There are 2 protein chains.
Amino acid sequence: MILDVAGEASAQDLRANLVRVAARLFYAEGLRTVGVDRVASEAGVAKATLYRYFANKDDLILACLEQRQADVMASMRATVERAPATALDRVGVLFLELGHLAMQPGFRGCPFLLAMTEYPQDDRIAELTRQHKRATRALFATAIGAEKDPTGNLAGVVAILYEGASVLASVEGSTRPLTLALRNVENLLRAAAID
Amino acid sequence: MILDVAGEASAQDLRANLVRVAARLFYAEGLRTVGVDRVASEAGVAKATLYRYFANKDDLILACLEQRQADVMASMRATVERAPATALDRVGVLFLELGHLAMQPGFRGCPFLLAMTEYPQDDRIAELTRQHKRATRALFATAIGAEKDPTGNLAGVVAILYEGASVLASVEGSTRPLTLALRNVENLLRAAAID
DNA sequence: CTGTGCTAAGACCGATCTGTCTTGTTCGGG
DNA sequence: CCCGAACAAGACAGATCGGTCTTAGCACAG
């Protein structure tokens with residue numbers, strides 16, 4: 001395995017592709033609905049190969065969530081850094097980005113919450129979810145600026161609005177909760193004399 | 001069946017008890033985790049009896065959600081009517097009531113969202129969930145007062161805060177998001193010069 | 001050329017779940 | 001007193017799913 005022929009998947013590509021395919025199916029149809037046969041088939045891989053890279057289905061699910069966590073946080077951080085003008089802009093683009101996701105068909109809200117709901121007894125999923133929510137709130141805190149919000153309460157409220165708008169947008173199949181939440185965030189930041 | 005012996009369950013009691021037991025198990029452990037054998041066993045009835053009152057598991061789940069909808073709305077309406085002083089009080093007690101629920105062990109957030117997550121393809125569950133969220137927002141609207149909030153945007157934001165705080169409280173296992181959301185609702189109502 | 005390791009394809013096993021059916025029992029009404 | 005309906009208990013069938021194993025093909029190293 002010194003050289004990989006172009007177009008052929010290396011072991012890492014194979015694993016990464018499995019995670020990508022599984023994450024898409026799991027999110028779209030649910031963790032319990034989608035079986036490992038389906039994941040292997042749609043990834044163009046034998047089931048035994050899947051089990052060479054993942055000890056069991058739980059590990060595959062965990063790998064999907066960890067990948068999602070890395071992707072989402074990288075995307076959010078990039079979004080914030082792309083609009084560095086004011087705190088209001090930095091927070092606003094995050095809501096707009098979520099609005100973009102919510103407009104796509106098949107939007108079902110936060111994948112971590114979905115996983116936690118389908119596996120209520122799984123401690124690792126619960127811990128990953130807590131970690132994801134902490135990281136999101138921390139991102140809001142840095143977007144607002146620690147000096148403008150020393151207690152972090154403002155970031156906390158923004159995180160609550162973000163979460164609630166995401167849930168209601170997925171239920172209603174509309175972005176209206178997101179625009180309503182964003183308008184409220186703007187009022188909040190202005191009222192706090194931030195930008 | 002003119003007279004029911006005291007202590008014996010009539011047909012309606014039997015059905016109602018099945019719904020009660022099923023709803024408790026489904027909420028605590030998940031719809032797919034809990035099987036019909038388990039429900040029948042814990043309700044003290046035979047599986048065939050369960051299938052005499054419900055055509056299949058889906059119907060049992062639907063019955064649980066409909067019962068939950070009736071109970072939750074009755075409870076919330078009673079809560080609002082018990083604190084009729086000001087709009088701030090009426091909305092506040094709803095958050096406090098949710099805080100009371102969130103403090104109990106096993107709190108997992110809104111049962112409708114859990115059901116929708118576990119059965120993403122079920123249209124009846126999705127419709128019941130939308131209906132529940134509409135009713136909740138309408139309750140906030142009446143608690144605030146239509147004349148104070150003609151567009152309903154204020155009630156919409158309160159509903160978003162309510163939803164987000166519920167989700168984050170269940171993830172963090174803490175009532176802090178709820179108190180934070182409540183404080184923000186108070187500020188919102190005051191800023192709108194409502195009570 | 002030969003052997004080794006990874007792969008696809010799919011058979012296979014055991015566990016679990018939904019839904020039905022059987023059997024025996026109890027109880028209330030005519 | 002007796003019949004029929006409802007019940008508990010549990011066997012049963014059919015399907016699904018997670019996970020293992022077998023077989024055969026293929027690429028690459030020596």
Side-chain angles (χ1 to χ4, degrees), chain A residues 1-19 21-23 25-26 28-65 115 118-122 124-125, chain B residues 1-23 25-26 28-64 115 118-122 124-125:
Chain A
M1 202 194 294
I2 294 175
L3 188 62
D4 278 327
V5 178
E8 250 192 18
S10 76
Q12 289 163 16
D13 287 345
L14 219 158
R15 194 192 136 102
N17 189 51
L18 273 169
V19 169
V21 169
L25 291 174
F26 284 154
E29 306 179 26
L31 299 173
R32 297 194 114 109
T33 300
V34 176
V36 289
D37 281 290
R38 180 90 184 287
V39 173
S41 154
E42 296 221 9
V45 157
K47 190 155 66 157
T49 305
L50 187 153
Y51 276 100
R52 180 179 304 274
Y53 291 96
F54 304 94
N56 45 40
K57 190 183 180 183
D58 273 11
D59 277 20
L60 174 61
I61 292 172
L62 263 292
C64 289
L65 289 179
E118 293 207 74
Y119 289 89
Q121 279 90 4
D122 192 311
R124 294 186 294 175
I125 289 178
Chain B
M1 203 192 292
I2 294 174
L3 188 62
D4 278 327
V5 177
E8 248 191 20
S10 76
Q12 289 163 16
D13 286 346
L14 217 158
R15 195 190 136 100
N17 189 51
L18 273 170
V19 169
R20 198 160 34 234
V21 169
L25 290 174
F26 284 155
E29 306 179 26
L31 299 174
R32 298 195 113 110
T33 301
V34 175
V36 289
D37 281 290
R38 180 89 184 287
V39 173
S41 155
E42 295 221 11
V45 304
K47 189 156 63 158
T49 304
L50 188 153
Y51 277 100
R52 181 182 305 272
Y53 291 96
F54 304 95
N56 45 41
K57 189 183 179 182
D58 273 11
D59 277 20
L60 174 61
I61 291 171
L62 263 292
C64 290
E118 293 208 73
Y119 289 89
Q121 279 89 6
D122 192 310
R124 294 185 295 175
I125 289 179

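Here is how names work: the chains are called A, B, and so on, in the same order as the sequence lines, proteins then strands, and each is numbered from 1. Just so it is clear, the structure is predicted and the values come from calculations on it, not from any experiment. These values consider heavy atoms only, across backbone and side chains, with no hydrogens, waters or symmetry-generated copies.
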Mind calculating the distance between [atom1] ([X]) and [atom2] ([N]) to the nearest angstrom?
X	N	atom1	atom2	answer
N56(A)	dG18(D)	CG	C1'	9 Å
Y53(A)	dA8(C)	OH	P	9 Å
R15(A)	dC6(C)	CZ	P	16 Å
D59(A)	dG18(D)	CG	P	14 Å
D13(A)	dT7(C)	CG	P	12 Å
L14(A)	dG5(C)	CG	C1'	15 Å
L50(B)	dC7(D)	CG	C1'	13 Å
L60(B)	dC17(C)	CG	P	15 Å

Selection from dA8(D), dG19(C), dT7(C) that lies nearest to any side-chain heavy atom of K57(B):
dG19(C)
D58(A): salt bridge (Lys or Arg N to Asp or Glu O under 4.0 Å) partners, not counting sequence neighbours
none
For a quick test of reading the model: is some side-chain N or O of Y51(A) closer than 4.0 Å to OP1 or OP2 of dT7(C)?
no
Using OP1 and OP2 only, check whether a side-chain N or O of T49(A) sits under 4.0 Å from dT7(C).
no
In Å, rounded to the nearest 0.5 Å, how long is the span from [atom1] of [X] to [atom2] of [Y]?
X	Y	atom1	atom2	result
Y53(A)	L14(A)	OH	CG	5.0 Å
R15(B)	T49(B)	CZ	OG1	14.0 Å
L65(A)	L31(A)	CG	CG	7.0 Å

Tell me the closest heavy-atom pair linking G35(A) and K57(A), and the distance in Å.
CA-NZ, 4.5 Å
Closest heavy-atom contact between C64(B) and V19(B)?
SG-O, 3.6 Å
With the side chain counted from C-beta on, respond yes when F54(A) and V36(A) share a heavy-atom pair under 4.5 Å apart, and no when they do not.
no
Taking 4.0 angstrom as the limit, do D59(A) and R124(A) come out as a salt bridge?
yes
I'd like to compare against my own output: the B/S/- annotation of nucleotides 10-16 of chain D with a strict under-4.0 Å heavy-atom distance to protein.
-------
Scan R32(A) against the nucleic acid and name what it touches under 4.0 Å (heavy atoms): base, sugar-phosphate only, or nothing.
nothing
Angle between the end axes of the helix from dC1(C)-dG30(D) to dG30(C)-dC1(D), five pairs per end, to the nearest 10 degrees?
10°
For E118(B), does its backbone N or O pair with a side-chain atom of R32(A) as donor and acceptor, under 3.5 Å?
no
